Amino acid sequence: MRAPAVNVEVFLAGGLPRMSIVGLPEAAVREAKDRVRAAIQCAQYDFPARVITVNLAPADLPKDGGRFDLPIALGILAASGQIPLDALRDCEFLGELGLTGELRPVDGVLPAALAAAAQGRRLIVPAGNGAEAALVAGVEAFTARTLLEVCGHLCGQKALPAAIAPASAYDHGPDLRDVRGQTRARRALEIAAAGSHHLLLVGPPGCGKTLLASRLPGVLPEASEADALETAAIASISGRGLDPTRWRNRPFRSPHHTASAVALVGGGAEPRPGEISLAHNGVLFLDELPEWDRRALEVLREPLESGVVTISRAARQCEFPARFQLVAAMNPCPCGWAGDPSGRCRCHPDAIQRYRAKISGPLLERIDLHLEVPRLPPAELRPDAPPGESSDVVRARVVRAREVQRQRAGRCNAHLDQSETNAVCRLAPDDQAMLENAIDLLQLSARSMHRILRVARTIADLAGSADILGPHVAEAIGHRRGERAVASRAT
């Protein structure tokens, strides 16, 4: 993502007073002329009674929002000689103006701060955006509350205060210690975190699927500053707001199953990022997977592979990062109790088939780990039952495994391409034969075989083994058996 520079040019000419804005402005930008006029007059400056032409260059880039109010007002004041023109040369300005000259916060300040830092320019933003701008190291950012304060700074009367980054601490979220029992599920969660693998949880209602999914961010390593800034920049332009005190936290997005395909991947006349981009470098949790609209689920197939999503519209095209970790949860049947030892399920086989057919086979095979989460006996849910390992203990193993992967290939195992998989996931002849027999028996695709290899590589990394051994392959195969059980009833 990038913040393209927009130059605001102002020309004053003789004639009947009027003001026009050109350069593909949207409605909010065209309406800036009324806000700017009132703000300049309330700041006790003269609004020129002349023909005012404002050009937003480049002319072929659509402009939207109120972020151009402040630079338009300053351009008019500079063109009319009321503030020094030289003071504007090394500065970037963002801000929406109220009728009284008050500066209001706008979206997209963080990408603008990154661009200003790269070009060595100063940045002046509304006070409400100061904490966001200060997240970028190397940018000289200042905050202002009114247009009058900005003009006083440019005229050398009173300097604006520097933007100050807020105090922030990494919050790992809920602790894995809260999960009682579910040893296999905890193991699968650790493997998923160590290799950035996608995970599907299948089980009856109330067995802990959502509880497990919400603990995944807590066992992931802390995001690097570059990754955290990239994720925060997506939140900044999304229109949903960015909390500067939590910008280092990995996102955990859990949209409702009624969300549309556009809500997931992004879109609109002016493309905005969707849930998969807001979950970039974090976790996207889809609960009640068969209840989702099938067309909405199918849009996930390409981003799951590529890690990016391209939104194309007639006027423009935008590409957003979408390297998220998918965790999905579903019941085994409409009532939720198919396969439970209690035998309470009374769903007709046709109803179960229709229920599971809502999830396509191609989507299922893109999910690395498939796990059945059973109903726990009441004895394991007692308050005095021994707790499992905490998130801190599990995270330490995950961090070690990811460091091994970083030194070996520079990326997590789930993101290895074909050549890298062939290079780092070699098996002994007997283990290769076991894998091939399993692929034939389960009737899995070549994509599934490669994902089994990557999962086995992650299991070996967690065990501290330089080679992938038979038990690692067997465990990885065990996490694909559920795919065949569901896919046999899908498309």
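Each residue takes its place number in the sequence, starting with 1. What you see is a predicted model; the values in this text were computed from it and never measured.
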S.K.: Taking side chain to side chain contact (heavy atoms under 4.5 Å, CB included) as the definition, give me every residue that meets it alongside Pro174, ordered by chain and number, with sequence neighbours left out.
M.R.: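 Arg215.
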
S.K.: Should Leu363 and Leu304 count as side-chain neighbours, where that means a heavy-atom distance under 4.5 Å?
M.R.: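 Yes; the side chains approach each other to less than 4.5 Å.
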
S.K.: Apply salt bridge (charged side-chain N to carboxylate O under 4.0 Å, His left out) to Asp287 and list each qualifying residue two or more places apart in sequence or on a separate chain.
M.R.: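 Testing Asp287 for salt bridge (charged side-chain N to carboxylate O under 4.0 Å, His left out), a comparison that skips the adjacent residues, returns none.
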
S.K.: For residues Ile21 and Val29, report the shortest heavy-atom separation together with the two atoms involved.
M.R.: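 Between these two residues, the closest heavy atoms are CD1-O, 3.3 Å.
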
S.K.: List in chain and number order the residues that pass salt bridge (charged side-chain N to carboxylate O under 4.0 Å, His left out) with Asp171, two or more places apart in sequence or in another chain; answer none if no residue qualifies.
M.R.: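 Per chain and number, Asp171 pairs via salt bridge (charged side-chain N to carboxylate O under 4.0 Å, His left out) with Arg246.
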
S.K.: Determine whether Pro303 and Val308 make a side-chain contact, defined as any pair of heavy atoms from C-beta on separated by less than 4.5 Å.
M.R.: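 No - every pair of side-chain heavy atoms lies 4.5 Å or more apart.
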
S.K.: Which heavy atom of Val6 sits nearest to which heavy atom of Lys63, and what is that distance?
M.R.: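 Shortest heavy-atom separation between Val6 and Lys63 comes out as CG1-CE, 3.9 Å.
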
S.K.: Considering only residues two or more places apart or on different chains, which pairs with a residue in residues 22-33 satisfy side chain to side chain donor-acceptor pair (under 3.5 Å)?
M.R.: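 As it turns out, there is no side chain to side chain donor-acceptor pair (under 3.5 Å) pair with a partner in residues 22-33 once direct neighbours are skipped.
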
S.K.: Between Thr458 and Ala194, what is the shortest heavy-atom contact and its length?
M.R.: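 The answer is CG2-CB, 3.7 Å.
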
S.K.: Using the rule given for side chain to side chain contact (heavy atoms under 4.5 Å, CB included), can you reason through Ile359 versus Met330, listing the C-alpha separation, both sets of side-chain angles and the distance that settles it, and then say yes or no?
M.R.: CA-CA 10 Å; Ile359 310 169; Met330 61 177 287; 3.6 Å; yes

S.K.: Might you work through the salt bridge (charged side-chain N to carboxylate O under 4.0 Å, His left out) test for Glu475 and Arg187, ending with a clear yes or no?
M.R.: CA-CA 11 Å; Glu475 184 176 0; Arg187 170 65 173 170; 2.9 Å; yes

S.K.: Under a plain distance cut-off of 3.5 Å, with no hydrogens placed, do Ser360 and Glu298 share a side-chain donor-acceptor pair?
M.R.: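 Yes - a donor-acceptor pair under 3.5 Å links their side chains.
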
S.K.: Can we say Lys209 and Glu372 salt-bridge, meaning some charged N sits less than 4.0 Å from an Asp/Glu carboxylate O?
M.R.: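 The answer is no: the pair does not qualify as a salt bridge.
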
S.K.: Only one of Leu199, Leu284, Leu216 clears side-chain contact (heavy atoms from CB on, under 4.5 Å) with Gln325; which?
M.R.: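 It is Leu216; the other options fail the test.
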
S.K.: Within this structure, what is the OH-CG distance for the pair Tyr355 and Asn331, rounded to the nearest 0.5 Å?
M.R.: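 Here the interatomic distance stands at 4.5 Å.
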
S.K.: Does the side chain of Ser390 come under 3.5 Å of the side chain of Asp175 through a donor N or O and an acceptor N or O?
M.R.: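 Ser390 vs Asp175: no donor-acceptor pair found between side chains.
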
S.K.: Test of understanding: with side chain to side chain donor-acceptor pair (under 3.5 Å), list the residues that count as partners of Ser277, not counting sequence neighbours.
M.R.: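 Counting only residues at least two positions away or on another chain, Ser277 forms no side chain to side chain donor-acceptor pair (under 3.5 Å).
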
S.K.: Using the side chain to side chain donor-acceptor pair (under 3.5 Å) criterion, which residues pair with Arg406? Sequence neighbours excluded.
M.R.: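 By the side chain to side chain donor-acceptor pair (under 3.5 Å) rule, Arg406 matches Glu403.
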
S.K.: Just do the side chain to side chain contact (heavy atoms under 4.5 Å, CB included) check on Leu160 and Thr143 with the steps written out, would you?
M.R.: CA-CA 6 Å; Leu160 291 174; Thr143 63; over 6 Å; no

S.K.: Give a yes or no answer on whether the side chain of His197 reaches the backbone of Ala193 with a donor-acceptor pair at less than 3.5 Å.
M.R.: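 No; zero donor-acceptor contacts below 3.5 Å.
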
S.K.: Do Glu230 and Asn281 come within less than 4.5 Å of each other through their side chains, counting heavy atoms only?
M.R.: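 The answer is yes, as the side chains (C-beta and beyond) meet within the 4.5 Å cut-off.
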
S.K.: Backbone N or O of Leu444 within a donor-acceptor pair of the Ser448 side chain at under 3.5 Å?
M.R.: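 No, Ser448 side chain to Leu444 backbone: no donor-acceptor pair under 3.5 Å.
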
S.K.: Could you pull out every donor-acceptor pair under 3.5 Å between side chains of residues 100-114 and any protein atom, sequence neighbours left out?
M.R.:
none

S.K.: To the nearest 0.5 Å, what is the distance between CG (Leu201) and CD (Gln182)?
M.R.: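 That separation rounds to 9.5 Å.
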
S.K.: Can you tell me how far the CE atom of Met449 sits from the CD atom of Glu365, to the nearest 0.5 Å?
M.R.: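 If I round to the nearest 0.5 Å, the distance is 12.0 Å.
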
S.K.: Which word best sums up how the rings of Phe324 and His198 line up, parallel for under 30°, tilted for 30 to 60°, or perpendicular for over 60°?
M.R.: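 Ring orientation, 0 to 90° scale: tilted.
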
S.K.: A side-chain contact here means heavy atoms from C-beta on lying under 4.5 Å apart; do Arg451 and His479 qualify?
M.R.: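 Not touching, per the 4.5 Å side-chain cut-off.
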
S.K.: Which atoms form the tightest heavy-atom contact between Ala329 and Phe285, and what is the distance?
M.R.: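 In this case the closest contact between Ala329 and Phe285 is CB-CE1, 3.8 Å.
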
S.K.: Are the side chains of Leu56 and Leu24 in contact, using a 4.5 Å heavy-atom criterion?
M.R.: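 When only atoms from C-beta onward are counted, Leu56 and Leu24 do not touch, as no gap falls below 4.5 Å.
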
S.K.: Output the distance between atom CD (Glu291) and atom NE2 (His256), rounded to the nearest 0.5 Å.
M.R.: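 Answer for the CD-NE2 pair, Glu291 versus His256, is 9.5 Å.
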
S.K.: Should Asn413 and Arg402 be marked as a side-chain hydrogen bond (donor to acceptor under 3.5 Å, both in side chains) after you check the CA-CA gap, both sets of side-chain angles, and the distance that decides it?
M.R.: CA-CA 9 Å; Asn413 289 332; Arg402 286 214 178 188; over 6 Å; no

S.K.: Looking only at non-hydrogen atoms, find the nearest pair between Leu278 and Ser238 and report the distance.
M.R.: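 Closest heavy-atom pair between Leu278 and Ser238: CD2-CB, 3.8 Å.
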
S.K.: Would you mind reporting whether Val309 and Glu302 have side-chain heavy atoms less than 4.5 Å apart?
M.R.: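 Not in contact.
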
S.K.: Could you walk me through whether Ile452 and Leu435 pass the side chain to side chain contact (heavy atoms under 4.5 Å, CB included) test, one step at a time?
M.R.: CA-CA 9 Å; Ile452 289 174; Leu435 174 61; 3.7 Å; yes

S.K.: Can a donor-acceptor pair be found between the side chains of Arg177 and Ser391 at a distance below 3.5 Å?
M.R.: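 The criterion, which ignores hydrogens and geometry beyond distance, is not satisfied for Ser391 and Arg177.
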
S.K.: Evaluate whether atom CG of Leu61 has more than 12 neighbouring non-hydrogen atoms of other residues, nucleotides or ligands under 6.0 angstrom away.
M.R.: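 Yes, because the 6.0 Å sphere around CG of Leu61 holds more than 12 heavy atoms from other groups.
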
S.K.: Find the distance between CZ (Arg447) and CG (Asp368) and round it off to the nearest 0.5 Å.
M.R.: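 Between Arg447 CZ and Asp368 CG, I get 11.0 Å after rounding to 0.5 Å.
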
S.K.: Taking side chain to side chain donor-acceptor pair (under 3.5 Å) as the test, write out the residues that go with His172, two or more places apart.
M.R.: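 Checked His172 against side chain to side chain donor-acceptor pair (under 3.5 Å); matches are Arg395.
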
S.K.: Do Asn249 and Asp243 touch side chain to side chain, with heavy atoms closer than 4.5 Å?
M.R.: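 No, their side chains stay 4.5 Å or more apart.
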
S.K.: Checking the side chain of His280 only, and the main-chain atoms of Arg323 only, is there a donor and an acceptor separated by less than 3.5 Å?
M.R.: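 It does hold such a pair.
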
S.K.: Which residue pairs satisfy the salt bridge (Lys or Arg N to Asp or Glu O under 4.0 Å) criterion with at least one member in residues 129-145, sequence neighbours excluded?
M.R.: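 Counting only pairs at least two positions apart or across chains, the salt bridge (Lys or Arg N to Asp or Glu O under 4.0 Å) contacts touching residues 129-145 are Arg145-Glu149.
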
S.K.: To the closest 0.5 Å, what do you measure between CZ (Arg457) and CZ (Arg454)?
M.R.: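 The CZ atom of Arg457 sits 13.5 Å away from the CZ atom of Arg454.
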
S.K.: Taking only residues two or more places apart in sequence, or in another chain, which ones meet Asp350 in a side chain to side chain contact (heavy atoms under 4.5 Å, CB included)?
M.R.: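 Checked Asp350 against side chain to side chain contact (heavy atoms under 4.5 Å, CB included); matches are His348, Gln353, Arg354.
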
S.K.: Of all the heavy-atom pairs spanning Ile468 and Cys425, show the shortest one and how long it is.
M.R.: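 Looking at all heavy atoms of both residues, the closest pair is CD1-CA, 3.7 Å.
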
S.K.: According to side chain to side chain donor-acceptor pair (under 3.5 Å), who are the partners of Glu420, at least two apart in sequence or on a separate chain?
M.R.: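 Checked Glu420 against side chain to side chain donor-acceptor pair (under 3.5 Å); zero matches.
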
S.K.: When you look at Glu190 and Val219, which way does the side chain to side chain contact (heavy atoms under 4.5 Å, CB included) test go after all the steps?
M.R.: CA-CA 7 Å; Glu190 181 177 344; Val219 298; over 6 Å; no

S.K.: What I'd like to find out is whether the side chain of Leu286 reaches to under 4.5 Å of the side chain of Trp292, using heavy atoms alone.
M.R.: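 They are in contact (side-chain heavy atoms under 4.5 Å apart), so the answer is yes.
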
S.K.: Let me check something: any side-chain donor-acceptor pairs from residues 91-99 under 3.5 Å, sequence neighbours excluded? List them with distances.
M.R.:
from  : atom 1 : to     : atom 2 : distance (Å)
Glu92 : OE2    : Arg121 : NE     : 2.6

